[in-house]
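Here is the naming used below: chain letters follow the sequence lines, and residue numbers restart at 1 for every chain. Below, all heavy atoms of this structure are taken into account, side chains as well, without hydrogens, waters or symmetry copies.
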Protein chains: 2
Amino acid sequence: MAPQPDPVLRLLWRHGLDEPPKPRRGRRQSLTVDDVVDAAIKVADRDGLDALTMRQLATELGIGAMSLYTYVPGRKELLALMADQVFRRHPLPAMPGGLRARLALIARTHYGICHEHPWLTDVMVLQNGIGPGLSDLYEWQLSGVDGIGLDDLEMDQTVAVLMGFAAGIARSQERMRRAERASGVSEAEWWEANAPELGRLMAGREYPLSGRVGAAAGMAYQASADPSAELEFGLARIIDGIVAYVEHPDRP
Amino acid sequence: MAPQPDPVLRLLWRHGLDEPPKPRRGRRQSLTVDDVVDAAIKVADRDGLDALTMRQLATELGIGAMSLYTYVPGRKELLALMADQVFRRHPLPAMPGGLRARLALIARTHYGICHEHPWLTDVMVLQNGIGPGLSDLYEWQLSGVDGIGLDDLEMDQTVAVLMGFAAGIARSQERMRRAERASGVSEAEWWEANAPELGRLMAGREYPLSGRVGAAAGMAYQASADPSAELEFGLARIIDGIVAYVEHPDRP
DNA sequence: ATCTATTCCGTACGGCGTACGTGAAAGTTA
DNA sequence: TAACTTTCACGTACGCCGTACGGAATAGAT
């Protein structure tokens with residue numbers, strides 16, 4: 001059989017629909033889809049994605065659990081709507097003049113989004129819901145790398161590299177945050193408590209470089225890593241590489 | 001109270017322990033922790049992380065569900081063991097001569113690992129279990145960027161950029177794979193089925209760049225994106241940026 | 001032969017997403 | 001106004017999940 005159009009598309013693009021098929025009879029809904037999605041985002045931001053259960057969300061909204069299903073087909077679709085809503089609500093600043101500044105802005109904006117909503121990178125891997133928020137974001141990103149000599153495919157790949165890098169930094173930061181929340185101690189305290197045991201367990205194996213580098217990181221950051229330093233260093237290298245390619249596509 | 005040493009550490013480093021505290025009484029275990037972890041990896045590779053339930057894994061191993069808890073404290077810890085086991089089992093080739101080749105090898109190796117075990121990036125964000133597999137990998141990665149003029153922090157950040165990039169590509173590929181598995185149609189078929197509806201829903205909004213770039217990508221890849229092209233392009237740019245920094249740390 | 005430490009695992013509990021069906025409410029029509 | 005139709009609200013229930021608990025089985029020590 002021919003595949004049916006994806007039903008979640010109509011929900012993602014619900015705001016563009018001038019008139020749904022005019023069903024004016026029957027009881028009115030007490031909330032809107034946006035109310036539900038915004039509340040879900042709030043819960044996920046506050047308590048994490050696992051704590052976002054249909055029952056909890058319904059309680060938060062003051063409705064019965066099953067009433068949610070009159071707004072949203074299911075939890076999977078709700079997550080897709082949440083992701084697009086986050087993109088839709090996030091302001092996209094005007095693209096600055098220089099290429100380096102534009103590339104940095106693309107990456108920092110995406111990092112900011114992923115950092116504000118740490119569940120976002122987890123949700124985005126689940127399904128690629130093409131909604132207005134993601135579409136506007138992508139168009140905005142492309143406008144930052146248009147007209148600089150890259151072909152269409154290279155524009156897409158450039159944006160993909162920047163987004164992937166920004167999401168990766170956000171994920172690495174989120175991993176530290178979750179570890180601290182789960183264990184109840186800061187990463188520095190964890191290391192203090194576990195370093196002796198770890199040294200005992202590692203006995204026999206040699207990690208000269210890891211030891212040296214880890215010690216330096218610990219001194220500098222009071223932690224095993226510093227996402228903001230990673231962001232700055234990595235972003236500078238990536239931008240250097242892209243700019244070099246734009247200026248001299250044939251080298252080296 | 002002083003935080004207790006993390007109990008999962010002893011499990012992660014179980015192979016280095018010469019002798020556990022000699023509990024020689026009582027019934028023998030019919031399996032090893034490695035058996036359990038390897039079977040869990042097999043299930044997760046085959047059916048995905050959600051399908052890896054304690055009951056399913058126990059059935060696969062021919063034991064009762066609750067017997068698993070004599071090998072592993074719980075599912076969370078099992079996931080951490082799986083991640084480290086994947087790293088531990090993956091061969092780490094000798095570092096080649098040139099810097100560019102070493103950087104590429106670091107990224108491609110990590111991409112390969114994440115690609116073979118698509119649940120890995122999901123698991124790694126859950127907790128930072130420092131086991132022998134990850135430690136060996138990190139030491140190996142650092143050996144690829146040692147002695148080239150980077151300081152300790154820059155070495156760590158360089159490795160982090162490469163790993164994050166590789167993981168990001170693997171995640172983007174995994175998103176496409178999951179969408180295809182969930183919908184049952186290839187991405188090309190999805191677009192064919194949804195393009196008309198999507199065009200209708202997007203009416204009123206203009207996406208000139210997205211449209212142009214998306215069409216070019218569709219022509220070139222028969223899909224909206226091609227992870228291997230993203231990998232090649234992005235890796236080349238990142239390596240360019242790192243090499244440029246190594247050679248001229250002061251230039252922009 | 002008895003004791004004791006350990007593994008094995010059946011049962012059960014609370015929580016999850018959600019299918020289903022009934023009842024309530026709102027607009028249309030007679 | 002009364003009856004009808006359509007839609008929403010949501011209580012109940014089902015099959016999953018991770019895992020706490022406790023009794024039965026087993027193997028080395030005594």
Specify the separation, in whole Å, of atom [atom1] of [X] and atom [atom2] of [N].
X: A/L57; N: C/dG17; atom1: CG; atom2: P; answer: 10 Å
X: A/L61; N: D/dA9; atom1: CG; atom2: P; answer: 11 Å
X: A/R25; N: C/dA24; atom1: CZ; atom2: C1'; answer: 17 Å
X: A/K76; N: C/dC16; atom1: NZ; atom2: P; answer: 19 Å
X: B/Q29; N: C/dT7; atom1: CD; atom2: P; answer: 5 Å
X: A/L31; N: D/dT7; atom1: CG; atom2: P; answer: 19 Å
X: A/L78; N: C/dG17; atom1: CG; atom2: P; answer: 10 Å
X: A/L79; N: C/dC16; atom1: CG; atom2: C1'; answer: 14 Å

Take A/V37 and A/Y71 through the side-chain contact (heavy atoms from CB on, under 4.5 Å) test and state the conclusion after the steps. CA-CA 9 Å; A/V37 175; A/Y71 299 90; over 6 Å; no

Only one of A/D84, A/D136, A/D34 passes salt bridge (Lys or Arg N to Asp or Glu O under 4.0 Å) with A/R89; say which it is. A/D34

Choose from [options] the nucleotide whose nearest atom is closest to any side-chain atom of [X].
X: B/S30; options: D/dT19, C/dG17, C/dC8; result: C/dC8
X: A/I63; options: D/dC10, C/dC8, D/dT7; result: D/dC10
X: B/Y71; options: C/dC8, C/dG27, C/dT18; result: C/dC8
X: B/T70; options: C/dG27, C/dT7, D/dT19; result: C/dT7

State whether A/E197 and A/R200 are salt-bridged, where the test is any N-O pair (Lys NZ or Arg NE/NH1/NH2 against Asp/Glu carboxylate O) under 4.0 Å.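 Result for this pair is yes, salt bridge flagged.
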
Would you tell me if any nitrogen or oxygen in the side chain of B/R75 comes within less than 4.0 Å of OP1 or OP2 on D/dG18? yes

Flag if over 12 foreign heavy atoms under 6.0 Å of CD, B/E116: yes

Check if the side chain of B/R55 and the base of D/dG18 share a donor-acceptor pair of N or O atoms closer than 3.5 Å.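 Side chain to base: pair present.
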
With A/P118 as reference, evaluate A/R177, A/R175, A/Q173, A/R171 under the side chain to side chain contact (heavy atoms under 4.5 Å, CB included) test and give the passing residue.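 The residue from A/R177, A/R175, A/Q173, A/R171 that satisfies side chain to side chain contact (heavy atoms under 4.5 Å, CB included) with A/P118 turns out to be A/R177.
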
Under 4.0 Å, counting only non-hydrogen atoms across every strand here, what does A/L68 touch: a base, just sugar-phosphate, or nothing?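 Here A/L68 touches no strand at all.
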
Identify whether any heavy atom of A/S67 sits under 4.0 Å from a base atom; if not, whether one sits that close to sugar-phosphate; answer base, sugar-phosphate or nothing. base

Given that A/M66 and A/T53 both sit by DNA chain C, which one's nearest nucleotide is further toward the 5' end?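 First, find each residue's nearest nucleotide; the 5'-ward one identifies A/T53.
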
